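Here the structure is a predicted model, which means the values were calculated and not measured.
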Amino acid sequence: MSEILKLYHTSSKEIKNPDVNFGRRNADFSGGFYLSDNPEFSEKWASDANNCINSYELDLTGLKVKRLFLDEEWFNYISKNRMGYDDMFSEFDVIIGPIANDTLYDTLGIITSGLLKSESALKLLSVGKKYTQINVKTEKAASQLKWLGSTVLSADEIENARNAVKNEEKEFRAAFFETLKEIDEFEMINEMLG
């Protein structure tokens with residue numbers, strides 16, 4: 001039985017034939033063509049009035065798909081990729097998993113300093129809304145990605161998306177600091193520094 005995903009990608013132009021070699025190597029899932037299964041989330045990537053949402057269908061039939069979950073495997077993979085190493089999961093055509101929140105670098109630094117355990121790091125990285133990213137990594141997978149069309153975003157849609165991002169960031173910061181208070185390591189650090 002085939003699995004077909006409806007996916008979205010925001011860009012300043014229509015992208016009918018995505019290039020899997022174009023993406024940054026130090027992104028969450030390394031190089032490839034990134035998509036979302038959530039059109040509202042895709043709108044949040046719009047930066048100006050020329051942006052459009054490209055729509056696709058991805059047929060996963062015959063592809064090697066790696067599904068990641070918010071766990072230590074996911075955290076280790078993203079950490080290595082963001083530091084520029086791309087040696088894990090290279091045999092997969094598509095990688096699907098959660099998007100890391102923007103505290104990953106800070107959290108990684110705290111872990112490598114020995115002040116925070118991996119379990120606590122995952123707790124911090126679990127804060128906030130969860131979105132899924134789909135990374136098409138190989139030409140084989142790109143050949144099964146069918147462009148359906150694009151929709152140009154209006155100025156109002158872009159403004160609404162920006163406001164939604166601001167609200168999410170405000171909610172995220174509040175939840176992040178509440179979660180931080182619950183982590184034992186930080187209580188010990190505060191006592192040591194206090």
Side-chain angles (χ1 to χ4, degrees), residues 1-105 107-108 122 125-126 128-153 157-158 161 165:
M1 183 174 160
S2 67
E3 181 181 2
I4 297 177
L5 305 178
K6 179 82 182 274
L7 303 172
Y8 307 91
H9 178 89
T10 303
S11 179
S12 59
K13 61 185 178 187
E14 290 185 340
I15 303 177
K16 296 180 181 179
N17 299 300
D19 182 355
V20 297
N21 300 304
F22 184 73
R24 285 185 4 247
R25 296 281 169 226
N26 65 341
D28 283 359
F29 296 166
S30 191
F33 186 68
Y34 282 81
L35 301 119
S36 172
D37 59 357
N38 183 319
E40 289 79 25
F41 176 75
S42 293
E43 287 181 11
K44 294 174 185 175
W45 286 90
S47 57
D48 61 48
N50 297 321
N51 283 173
C52 63
I53 305 286
N54 289 277
S55 300
Y56 303 88
E57 282 184 351
L58 175 61
D59 184 351
L60 296 177
T61 304
L63 298 178
K64 287 190 76 174
V65 178
K66 176 67 176 175
R67 294 182 191 268
L68 294 168
F69 303 94
L70 204 59
D71 58 19
E72 197 164 340
E73 179 182 49
W74 167 86
F75 177 75
N76 289 335
Y77 180 54
I78 290 179
S79 298
K80 286 181 180 178
N81 286 331
R82 287 200 176 186
M83 289 188 290
Y85 305 109
D86 182 22
D87 55 0
M88 294 175 66
F89 310 136
S90 59
E91 71 274 20
F92 289 94
D93 300 302
V94 177
I95 299 186
I96 301 172
I99 295 173
N101 67 42
D102 286 339
T103 64
L104 184 105
Y105 277 124
T107 306
L108 182 60
L122 283 170
L125 292 169
S126 298
K129 288 192 175 182
K130 302 296 170 279
Y131 296 105
T132 300
Q133 57 192 337
I134 297 88
N135 187 8
V136 174
K137 296 186 71 68
T138 64
E139 295 294 341
K140 180 180 179 182
S143 72
Q144 294 181 211
L145 186 64
K146 178 183 173 189
W147 185 75
L148 301 175
S150 67
T151 305
V152 176
L153 297 172
E157 288 172 316
I158 291 172
V165 168

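The number of heavy-atom neighbours closer than 6.0 Å to CH2 of Trp147, taken from other residues, nucleotides and ligands shown, is above 12. A 6.0 Å sphere centred on NZ of Lys13 holds no more than 12 heavy atoms belonging to other residues, nucleotides or ligands.
Going from atom CG of Leu35 over to atom OG of Ser55 covers 10.0 Å, rounded to the nearest 0.5 Å. Here the CD1-NZ distance, from Ile95 to Lys64, works out to 11.0 Å after rounding to the nearest 0.5 Å. The distance from atom OG1 of Thr132 to atom CD1 of Ile99, rounded to the nearest 0.5 Å, is 7.0 Å. Atom-to-atom distance recorded for Ser36:OG and Lys6:NZ is 12.0 Å, nearest 0.5 angstrom. Separation of atoms CG (Asn38) and NZ (Lys130) is listed at 14.0 Å; rounding is to 0.5 Å. To the nearest 0.5 angstrom, Asn54 atom CG is 5.5 Å from Ile15 atom CD1.
Classification of Lys129 and Glu40 as a salt-bridged pair fails, no side-chain N sitting under 4.0 Å from a carboxylate O.
For Lys137 (side chain) and Gly31 (main-chain N/O), a donor-acceptor pair under 3.5 Å exists by modelled atom type. A donor-acceptor contact shorter than 3.5 Å links the side chain of Thr10 to the backbone of Ser42. Judged by distance alone, with hydrogens and angles left aside, the side-chain atoms of Gln133 form a donor-acceptor pair with the main-chain N or O of Pro98 at under 3.5 Å. Put simply, the side chain of Tyr34 gets close to the backbone of Phe29: a donor and an acceptor are under 3.5 Å apart. For Asp28 (side chain) and Asn81 (main-chain N/O), no donor-acceptor pair under 3.5 Å exists by modelled atom type.
Taking each heavy atom of Val152 and Glu157 in turn, the nearest pair found is O-OE1, 4.0 Å. For Val136 against Ala142, the heavy-atom pair with the smallest separation is CG1-N, 3.5 Å. Across all non-hydrogen atoms, the minimal contact from Ala46 to Ile158 is CB-CG1, 4.0 Å. The two residues Trp74 and Asp71 come nearest to each other via the heavy atoms N-OD1, 3.1 Å.
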Q: Verify side chain to side chain contact (heavy atoms under 4.5 Å, CB included) between Leu153 and Ile53, making sure each step is shown before the conclusion.
A: CA-CA 7 Å; Leu153 297 172; Ile53 305 286; 3.9 Å; yes
**Q.** Chi angles and distances behind the side chain to side chain contact (heavy atoms under 4.5 Å, CB included) call for Thr151, Cys52
**A.** CA-CA 5 Å; Thr151 305; Cys52 63; 5.9 Å; no
Q: Step by step, work out the side chain to side chain contact (heavy atoms under 4.5 Å, CB included) result for Asp37 and Leu5.
A: CA-CA 7 Å; Asp37 59 357; Leu5 305 178; over 6 Å; no
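Contact annotation: the side chain of Glu43 never approaches that of Asn51 to less than 4.5 Å [non-hydrogen atoms, C-beta and beyond].
For Tyr77 and Lys66, the side-chain atoms include no donor-acceptor pair closer than 3.5 Å. A side-chain donor-acceptor contact under 3.5 Å links Asp59 and Thr61.
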